[in-house]
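What follows is a short report on a single structure.
For this chain, numbers begin at 1 and follow the sequence in order. Note that the structure is predicted; figures quoted are calculated from it, not measured.
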Amino acid sequence: MTILSKDKVMLRANAADKNEAIRMAGRLLVDAGHAPEAYIQKMLERDALSSTYMGGGLAIPHGTNEAKSLVSSTGMSILVFPDGVDFGDGQVAKLVIGIAAASDDHLDILTNVAMICSDEDEFRRILDADSPETLIAIFESGMDE
């Protein structure tokens with residue numbers, strides 16, 4: 001099972017609020033077999049403790065530390081919200097990346113995602129991607145460095 005695959009990418013997503021966006025990101029991870037249904041609630045709990053909005057239009061919802069034991073394999077989901085999703089306090093996410101990480105894999109993933117998304121040109125390429133394959137290629141090339 002790969003960390004990122006077409007079945008975990010959603011272009012042109014739409015959500016009423018951040019909780020729906022987090023549920024959508026979690027659902028892709030659950031449906032791909034990375035974690036059980038209960039993991040989605042742990043993602044919502046994590047965001048309630050401390051916002052998973054990272055700034056610059058990026059949110060990275062993931063489970064609580066206690067939820068690591070639920071994760072069967074490391075995976076990430078990518079959702080692009082062209083109209084944005086309000087994460088509170090005027091913070092609007094256009095890119096939501098869900099993470100289910102076994103052990104301490106989430107630290108490497110968070111670091112790599114932050115590096116890729118901090119480049120304005122790359123971030124624009126991600127938001128403008130016309131296919132899941134294009135999006136995956138951007139992340140895979142950035143995570144190999």
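Residues Phe81 and Leu127 do not share a hydrophobic cluster, clusters being chains of Ile/Leu/Val/Met/Phe/Trp/Tyr side chains in contact below 4.5 Å. In the hydrophobic clustering of this structure, Ile78 does not group with Val92; members are Ile, Leu, Val, Met, Phe, Trp, Tyr whose side-chain heavy atoms approach within less than 4.5 Å, directly or through other members. When the side chains of ILVMFWY residues are joined at heavy-atom separations under 4.5 Å, either directly or via intervening members, Val80 and Met54 end up in a single hydrophobic cluster. No chain of hydrophobic side-chain contacts below 4.5 Å, direct or via other Ile, Leu, Val, Met, Phe, Trp or Tyr residues, connects Ile97 to Met43. Linking ILVMFWY residues whenever their side-chain heavy atoms come closer than 4.5 Å, directly or via other members, leaves Leu44 and Met76 in distinct clusters.
Taken to the nearest 0.5 Å, the CG atom of Asp83 stands 6.5 Å off from the NZ atom of Lys94. If you take CG on Asp31 and CD on Glu37, they are separated by 8.0 Å, rounding to the nearest 0.5 Å. Atoms CD1 and CZ, from Ile126 and Phe139 in turn, are 3.5 Å apart once rounded to the nearest 0.5 Å. Ser141 contributes atom OG, which lies 12.0 Å from atom CD1 of Ile136 (distance to the nearest 0.5 angstrom). Taken from CG in Asp130 to CZ in Arg125, the straight-line distance is 11.0 Å, to the nearest 0.5 Å. The CG atom of Asn19 sits 13.0 Å away from atom CE of Met24, with the distance rounded to the nearest 0.5 Å.
Closest approach of Pro36 and Val30 over heavy atoms only: O-CG2, 3.4 Å. Summarising the geometry of Leu95 relative to Cys117, their closest heavy-atom pair is CD2-SG, 3.7 Å, with the distance given to 0.1 Å. Taking all atoms of both residues into account, the shortest heavy-atom contact from Met115 to Ser118 is O-OG, 2.9 Å. Gln91 and Ser51 get closest at one heavy-atom pair: OE1-OG, 4.4 Å. Of all heavy-atom pairs spanning Phe123 and Gly57, the tightest one is CZ-O, 3.7 Å. The minimum heavy-atom distance between Val71 and Ser73, with the atom names listed, is CG1-O, 3.2 Å.
By the 4.5 Å heavy-atom criterion applied to side chains, Leu79 and Val85 are not counted as neighbours. The shortest side-chain heavy-atom distance between Leu58 and Val113 falls under the 4.5 Å cut-off. Residues Val96 and Phe87 have side chains in contact (heavy-atom distance under 4.5 Å, counting atoms from C-beta outward). Residues Asp17 and Glu20 form a side-chain contact, since some pair of their non-hydrogen atoms from C-beta on lies under 4.5 Å apart. Using a 4.5 Å heavy-atom cutoff, the side chains of Ile60 and Ile99 are in contact. Inter-residue side-chain proximity for Leu4 and Val9 is flagged as met; some heavy-atom pair is nearer than 4.5 Å. Looking only at side-chain heavy atoms (C-beta outward), Tyr39 and His34 stay at 4.5 Å or farther from each other.
Here the side chain of Thr74 pairs a donor or acceptor atom with the backbone of Ala102 at under 3.5 angstrom. In terms of modelled atom types and a separation under 3.5 Å, the side chain of Ser77 and the main chain of Ala25 share a donor-acceptor contact. Although no hydrogens or angles enter the test, the distance criterion places a donor-acceptor pair under 3.5 Å between the side chain of Lys8 and the main chain of Thr2. Under the 3.5 Å distance criterion, the side-chain polar atoms of Ser72 are matched with a main-chain donor or acceptor of Gly33.
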- Message: The test is side chain to side chain contact (heavy atoms under 4.5 Å, CB included); show your working for Lys18 and Arg23 and say whether it passes.
- Response: CA-CA 8 Å; Lys18 72 175 183 172; Arg23 281 190 202 93; over 6 Å; no
